Amino acid sequence: MKFNSETFALITALFIAALLAFFGSLAGNDALFRAHALVLCLVLSGTLIYVLRIVKFEPAGASAPAPDTSGYMDGVVRYGVIATLFWGIAGFLVGVIIAAQLSWPELNIEPYLNFGRLRPVHTSAVIFAFGGNALIATSFYVVQRTCRARLFGGDLAWFVFWGYQLFIVMAATGYLLGVTQSREYAEPEWYVDLWLTIVWVAYLIVFLGTLVKRKEPHIYVANWFYLSFIVTVAMLHIVNNLAIPVSLVGAKSYSAFAGVQDALTQWWYGHNAVGFFLTAGFLGMMYYFVPKQAQRPIYSYRLSIVHFWSLIFLYIWAGPHHLHYTALPDWAQTLGMVFSIMLWMPSWGGMINGLMTLSGAWDKLRTDPVLRMMVLALAFYGMSTFEGPVMAIKSVNSLSHYTDWTIGHVHSGALGWNGMITFAAMYYLVPKLWNRERLYSLRLVNWHLWLATIGIVVYAAVMWVAGVTQGLMWREYDDQGFLVNSFIETVTAIHPEYVMRMCGGLLYLSGALVMVYNIYKTIRGEQREELPVGGTTQATIPAE
């Protein structure tokens, strides 16, 4: 890094921010704010020291080289790939730990490493750190290629990347310290939410600016999905996190909503975080990488447009299905149920479009485990988007809600759909970003595929069994109308399933570790000598 006006501005900003964080650690109104401010001060100070160590001072009068504007801005995408893998391993590992804590409660270490504090670390690490970095990196890659334009805003993309990493660190350390507003998928307190808003607006500017200056007249459908994800998540984040802080130097804040309005706002946010963060954004990924890996055009561009508009219109109304049999008015519950059932059609439209893209290329599945991973992701997408509408039906929900059936459903979608399509996209990107001929080993990709698949199947299957068991035991009455089973009896009954759930998560984590090793070797430029996947002989031709 050469010393220039931009570097000087960065060093100054880091110094001032670290100084403010230090004063916050001294003058905070409560112990939690002071502790969190100290964490921020240490992070910013460490970053400042690192920048000062790598900066190079040129002799006076030396002419600064002109910035490279000839090609695409891929440096930030490379960092995004590495961050995706790092946070993925962290999130999967914490998931295995908390699964073990549910199986063996003595593994809860008080006060900072108990289940209550580690669980939001796991969900945020997998959704926002792993998934968020994957979406930012792939969207930056895809929008440049499909627009034939360099990212807008110069180093603003780097601000988005590093600002997002700071958000992740502040959110995770806050959970461990106990700084949380206790809102599902929106646990960070008000000052962390404000920082994320700034970063997200910068992200929107970079993406939208690149679309505006595109050299292609047409906006490819993947960019529509990415843009809807960025805009809608911004709206969801701002509205759901409207809060009044007790003090500008205190951690505590109070929501602008109360009672059932607060619950409805939370699940309008929560379900649409699934709908736009974990669905629309990753469909943008699917619409670019599946055709590229299959070397086929998308099956139906018209279907992709119908799929897009119907999906984003319907999804926004489905949140109330999380509040069946609550104080929410019955008409609102029914509205959420009806729109959830209608979502089945556009969701499967996307799955069918992705799978039919392989028309004429199904033979590639024998020899290409990356493409196989993409097809598996689409299969899990189809299964989870069928199961979700079924679980939204009131009569089914009365059995499934508050049980581990929901946990199995969420993980079949998150690990099967989001995880698999992300892994496949990373496998596609790494050789291209680091200018390598191919991956280090396709056979290791195959190992990853099977470890992850078996892990997901074990996890989801045992959670389905556990969930139905819970639901049936909770609603069992004797002839006098009393509950037959106590809560602890239901917990004891599903203990074997909890142990199996941990084993499934461990298999999934093992597959991710195999991937990290494979990617590391690929970046180093190594290639493993191995037989091609699918064997060396031609497939047997059936007798006529």
Side-chain angles (χ1 to χ4, degrees), residues 80 83-84 87-88 91 120-140 142-143 160-161 163-165 167-168 171-172 183-188 192-193 196-197 199-204 206-207 222-241 265-288 307-308 311-319 321-322 340 343 346-347 350 377 380-381 384-385 388 409-423 425:
T84 300
W87 291 117
V121 173
H122 164 63
T123 54
S124 292
V126 173
I127 297 171
F128 298 114
F130 171 67
N133 273 292
L135 288 169
I136 291 172
T138 56
S139 65
F140 282 166
V142 170
V143 75
V160 172
F161 173 77
Y164 196 70
Q165 308 314 306
F167 156 71
I168 294 166
R183 301 178 76 84
E184 185 77 357
Y185 309 135
E187 286 92 348
V192 181
D193 286 333
L196 178 59
T197 303
V199 172
W200 209 258
V201 169
Y203 181 24
L204 176 61
V206 173
F207 193 87
N223 293 320
W224 283 103
F225 279 99
Y226 278 125
L227 186 60
S228 69
F229 136 70
I230 298 169
V231 171
T232 310
V233 166
M235 176 182 69
L236 298 170
H237 171 74
I238 291 170
V239 174
N240 186 53
N241 289 292
T265 304
Q266 160 59 34
W267 283 112
W268 169 78
Y269 164 87
H271 191 75
N272 287 299
V274 174
F276 288 86
F277 202 99
L278 296 178
T279 302
F282 285 89
L283 283 169
M285 201 183 295
M286 183 276 287
Y287 270 114
Y288 180 83
H307 167 218
F308 171 78
L311 189 83
I312 65 167
F313 174 74
L314 293 175
Y315 233 121
I316 207 78
W317 299 95
H321 75 227
H322 288 267
S340 299
L343 264 173
S347 297
F380 275 108
Y381 174 62
S384 60
T385 52
H409 165 65
V410 167
H411 282 78
S412 68
L415 301 181
W417 159 236
N418 301 116
M420 288 295 203
I421 197 68
T422 298
F423 296 146

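Values in this document were obtained by computation on a predicted structure and should not be read as measured data.
Between Ile316 and Trp268 there is a side-chain heavy-atom pair separated by less than 4.5 Å. Residues Glu184 and Tyr269 are not in side-chain contact: their nearest non-hydrogen atoms beyond the backbone lie 4.5 Å or more apart. At a threshold of 4.5 Å between non-hydrogen side-chain atoms, the residues Phe161 and Ile136 do not count as touching. Taking the side chain as every heavy atom from C-beta outward, Tyr203 and Ser139 approach each other to under 4.5 Å. A heavy-atom distance below 4.5 Å is not found between the side chains of Leu343 and Thr385. Side-chain atoms of His321 and Trp267, non-hydrogen and from C-beta on, never get closer than 4.5 Å to each other. When side chains are defined from C-beta on, Pro188 does not count as touching Leu196, because their heavy atoms never get closer than 4.5 Å. Counting only heavy atoms from C-beta outward, the side chains of Phe229 and Leu283 never approach each other to under 4.5 Å.
Around CH2 of Trp224, the count of heavy atoms belonging to other residues, nucleotides or ligands within 6.0 Å does not exceed 12. Around atom CH2 of Trp200, more than 12 heavy atoms belonging to other residues, nucleotides or ligands sit under 6.0 Å away.
Between Met286 and Gly350 the shortest heavy-atom distance is CE-O, 3.6 Å. For Val192 against Ala171, the heavy-atom pair with the smallest separation is CG1-N, 4.4 Å. Residues Ala425 and Met285 share a closest heavy-atom pair of CB-SD, 3.9 Å. Residue Phe140 comes nearest to Val206 through the heavy atom pair CE2-CG1, 3.6 Å, listed as atom of the first residue, atom of the second, then distance. Closest non-hydrogen pair, Met420 versus Ala377, comes out as CB-CB, 3.6 Å. Closest non-hydrogen pair, Phe207 versus Val143, comes out as CE1-CB, 3.6 Å.
With rounding to the nearest 0.5 Å, the separation of OH in Tyr226 from CZ in Phe276 is 16.0 Å. Going from atom CG of Leu278 over to atom NE2 of His271 covers 10.5 Å, rounded to the nearest 0.5 Å. From Ser124, atom OG reaches atom CH2 of Trp87 across 11.0 Å, with rounding to the nearest 0.5 Å. Between the OG atom in Ser412 and the OH atom in Tyr381 there is a gap of 13.0 Å [rounded to 0.5 Å].
Using modelled atom types, no side-chain atom of Thr265 and backbone atom of Asn240 make a donor-acceptor pair closer than 3.5 Å.
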(request) May I have the step-by-step check of side chain to side chain contact (heavy atoms under 4.5 Å, CB included) for Phe128 and Ile168, ending in yes or no? (result) CA-CA 8 Å; Phe128 298 114; Ile168 294 166; 5.6 Å; no
(message) As a quick check of understanding, evaluate side chain to side chain contact (heavy atoms under 4.5 Å, CB included) for Asn418 and Phe380, giving each step before the final call.
(response) CA-CA 9 Å; Asn418 301 116; Phe380 275 108; over 6 Å; no
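Scanning for side chain to side chain contact (heavy atoms under 4.5 Å, CB included) contacts around Thr84 gives Phe130, Asn133, Ala134, Thr422, Met426, with sequence neighbours left out. Remark: Val121 pairs with Val94, Tyr175, Leu176 by the side chain to side chain contact (heavy atoms under 4.5 Å, CB included) rule, at least two apart or across chains.
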Please report, to 0.1 Å, the donor-acceptor pairs under 3.5 Å made by any side chain of residues 230-239, with sequence neighbours excluded.
from, atom 1, to, atom 2, distance (Å)
Thr232, OG1, Ser228, O, 2.7
His237, ND1, Asn241, ND2, 3.1
His237, NE2, Asp193, O, 3.1
His237, NE2, Thr197, OG1, 3.1

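Taking the six-membered ring for Trp and thresholds of 30 and 60 degrees, Phe167 and Tyr164 have ring planes inclined between 30 and 60 degrees apart. Ring geometry for Phe225 versus Tyr287: interplanar angle under 30°, hence parallel rather than tilted (30 to 60°).
Inspection of the Thr138 and Tyr288 side chains reveals no N or O donor paired with an N or O acceptor under 3.5 Å.
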